[in-house]
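Here is the naming used below: chain letters follow the sequence lines, and residue numbers restart at 1 for every chain.
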2 protein chains.
Amino acid sequence: MRATGRPTLAGVAERAGVSLKTASRVLNGEPNVADGTREKVRLAAAALGFRRNAVAADLARGGASRLLGFISGDIANPFYSAVAGGIERVAREHGLHLITTSCEEDPARERLLTEELLERRVRGLVVTPTPAGHDHLAGELAAGTRLVFADRPAAGLAADSVVIDNPGGVRAAVRHLTAHGHRRIAFVGDNPEVWTFRERRAAFAGAMSDAGAPGAERWVRPGAHDAGTARALVTDLLTAPEPPTAILAENNRVTEGALRALRAVPGGDDVALVGFDDFPLADLLGVTVVAYDAAELGRRAADLVVTPGPAASSPRTETVPTRLIPRGTGERRPRA
Amino acid sequence: MRATGRPTLAGVAERAGVSLKTASRVLNGEPNVADGTREKVRLAAAALGFRRNAVAADLARGGASRLLGFISGDIANPFYSAVAGGIERVAREHGLHLITTSCEEDPARERLLTEELLERRVRGLVVTPTPAGHDHLAGELAAGTRLVFADRPAAGLAADSVVIDNPGGVRAAVRHLTAHGHRRIAFVGDNPEVWTFRERRAAFAGAMSDAGAPGAERWVRPGAHDAGTARALVTDLLTAPEPPTAILAENNRVTEGALRALRAVPGGDDVALVGFDDFPLADLLGVTVVAYDAAELGRRAADLVVTPGPAASSPRTETVPTRLIPRGTGERRPRA
DNA sequence: CTGTTAGCGCTTTCAG
DNA sequence: CTGAAAGCGCTAACAG
């Protein structure tokens with residue numbers, strides 16, 4: 001008894017009065033079939049409403065399925081969905097489909113999802129890793145699994161990755177602000193567990209030092225994981241004695257919070273603001289940002305997945321460039 | 001010769017000195033296995049780095065794979081990604097993974113993707129349909145495939161669907177504007193092929209008529225498929241003789257274009273604006289909108305997919321409510 | 001040009 | 001508690 005009621009290749013073959021293999025050949029568009037036979041099989045397939053079972057086909061071919069996996073923090077987040085769009089585009093060019101999943105920044109869930117996708121025999125995996133260690137994947141990597149990390153490298157695992165040019169972006173922002181006369185620049189960002197935060201923070205300290213304003217660490221405010229806390233931190237900064245004249249927001253959630261704080265605090269309109277990450281309608285709001293192409297991040301990651309590196313090579317790391325877009329808030333000068 | 005170098009269940013069984021079936025039982029956590037045997041198998045599996053092949057397992061079970069498909073217009077679009085997030089959440093509760101694809105609003109591509117996902121034997125499919133006919137899926141539906149349309153119903157096919165409360169949202173917007181004294185209200189929207197446009201446009205005409213301002217069709221401007229054309233259309237409207245005192249933007253791209261037009265046209269600050277669809281930072285921009293929960297749309301669609309309707313029932317249609325959020329632009333009164 | 005014989009890696013009867 | 005045999009639906013040699 002068939003488990004599903006669906007017509008099978010065997011059914012088509014029988015109805016057409018040919019062998020299984022011949023039916024297979026026709027339905028796969030292979031050559032060397034008589035036109036008449038071809039037609040008979042086509043008719044039988046149509047009459048039965050036959051649809052080939054790609055799962056069985058993949059299995060028989062013995063290889064991986066035609067699927068790519070993407071483990072993101074949250075697929076509903078526009079940043080990740082832009083990355084997913086980039087991955088999908090490349091996947092499509094290679095005849096692959098994309099399975100998208102969200103781990104909610106939870107290491108345990110990331111690991112579970114990785115396991116499940118691997119069991120599904122995906123062709124490769126793009127992961128935006130949580131801060132947890134990833135050494136448990138070393139064996140998988142050695143076995144030849146195509147694994148690429150996006151936006152940040154995996155802790156404790158030498159694997160291909162593609163990241164944003166964080167240092168370059170932050171340096172550009174700091175230079176922009178100091179060129180406009182700022183010395184007291186605050187850096188407000190996410191939690192220190194987050195790799196991108198640490199990268200950007202380090203670049204900030206370095207750039208400030210280069211600008212002849214060392215000791216900038218004192219202007220660093222971590223812990224703004226959402227717009228609400230960012231707003232509170234910025235408000236605190238601005239209402240304390242000797243407030244900063246400029247804010248460098250480490251990501252778009254912080255930028256949003258900073259924007260709200262600047263609106264609410266008296267004199268906030270005079271405080272300069274540069275945000276890392278562009279966002280929709282930022283031009284209407286006049287917000288100066290450090291922008292980059294998130295879809296490009298996805299495209300490059302997918303390229304790395306589908307393009308095996310030179311055997312036994314060391315991990316490849318690619319960098320997506322950033323550019324500063326002046327729109328107003330970043331060009332405010334400190335009050336004399 | 002094995003096609004892949006991966007360890008198989010047979011390999012584990014051999015190494016553990018048990019039969020295939022026993023190894024299977026252990027690795028699937030089935031009961032009735034002696035503790036010692038269980039341990040032996042576990043050890044063998046670990047030593048080999050065994051990972052079960054979920055594809056083969058699904059096939060052997062004869063059913064569909066544990067995958068759900070989502071065919072959207074563009075996964076990089078925040079609206080669709082919010083929907084995807086909702087679908088994924090429900091899918092996860094049912095132990096399913098989500099394959100996301102983008103058809104770029106192209107009917108041929110939508111059809112191709114549908115075929116491919118069906119060949120992959122997905123458990124069910126959520127589709128945001130292009131305007132093309134979908135009668136080719138009638139057989140599939142009859143065969144029991146779980147198919148649900150989201151955001152708009154499929155043309156020419158009686159299938160389950162979940163949509164936004166378009167009439168309610170538009171009526172609320174019109175009532176809001178007329179209550180603030182507006183009579184000359186323009187409705188700017190997408191192309192007439194788009195189902196949501198037609199729904200909203202019809203509701204607009206009805207609501208205007210109800211408000212004692214019939215003949216509103218003359219204030220309707222279709223054809224704004226992107227923010228650029230929307231901006232041009234709104235600029236034309238405002239610079240013509242007897243310009244409208246209020247704009248109802250049919251979707252968020254139109255709202256964006258209208259916003260830019262209002263900024264650029266002299267006196268644009270006095271024109272009221274209500275947009276259908278909420279968007280990030282709309283509050284900072286002070287834009288009054290008709291909002292709804294896109295993730296809820298996805299959740300409900302996924303619910304319909306995993307919950308078979310009463311056999312032979314007529315298609316189920318669900319509606320996601322909207323609500324008007326006043327933020328400033330919608331409360332401007334016409335100049336005396 | 002067409003068919004036969006083996007599997008892919010796993011699950012399921014149904015006997016021991 | 002354990003195993004042998006039969007298949008899921010399809011593809012891949014290798015003959016004819």
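- Side chains of B/Thr130 and B/Asp106 form no contact here, defined as non-hydrogen atoms less than 4.5 Å apart.
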Treat primed atoms plus P, OP1 and OP2 as sugar-phosphate and everything else as base, then score nucleotides 10-16 of chain C 5' to 3': B for base contact with protein heavy atoms under 4.0 Å, S for sugar-phosphate contact only, - for none. BBB----
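- In this view, A/Tyr80 satisfies the ring pair (Phe, Tyr, Trp, His ring centres under 6.0 Å) rule with no residue, not counting sequence neighbours.
- Residues that satisfy the side-chain hydrogen bond (donor to acceptor under 3.5 Å, both in side chains) test with A/Glu116, not counting sequence neighbours, are B/His97.
- Residue A/Thr37 places at least one side-chain N or O under 4.0 Å from the OP1 or OP2 atom of C/dT2.
- Within the nucleic acid shown, A/Val55 has no heavy atom closer than 4.0 Å to any nucleic acid atom.
- Applying the salt bridge (charged side-chain N to carboxylate O under 4.0 Å, His left out) test to residues at least two apart or on different chains, none of the pairs has a partner in residues 37-50 of chain A.
- Put simply, CG on A/Leu48 is 13 Å from P on D/dG9, counting in whole angstrom units.
- With no hydrogens or angles considered, a side-chain donor-acceptor pair links B/Thr100 and A/Thr100 at under 3.5 Å.
- The distance between atom CG of A/Asn32 and atom P of C/dC1, rounded to the nearest whole Å, is 6 Å.
- In this structure, the helix from C/dC1-D/dG16 to C/dG16-D/dC1 shows an angle of 30° between the axis at its start and the axis at its end, each fitted on 5 base pairs and rounded to 10°.
- Pairs engaging residues 66-85 of chain B under the salt bridge (charged side-chain N to carboxylate O under 4.0 Å, His left out) rule: none recorded [sequence neighbours left out].
- Straight-line distance from the CZ atom of B/Arg120 to the P atom of D/dC10: 13 Å, rounded to whole Å.
- Between the CD atom of B/Glu119 and the P atom of D/dG9 there is a distance of 15 Å, given to the nearest Å.
- Of the options A/Asp303, A/Leu297, A/Asp151, a side-chain contact (heavy atoms from CB on, under 4.5 Å) to A/Val162 is made by A/Leu297 and by none of the others.
- OP1 and OP2 of C/dT2 both lie 4.0 Å or more from every side-chain N or O belonging to A/Ser19.
- Using a cutoff of 4.0 Å between basic side-chain nitrogens and carboxylate oxygens, A/Arg51 and B/Glu119 are not scored as salt-bridged.
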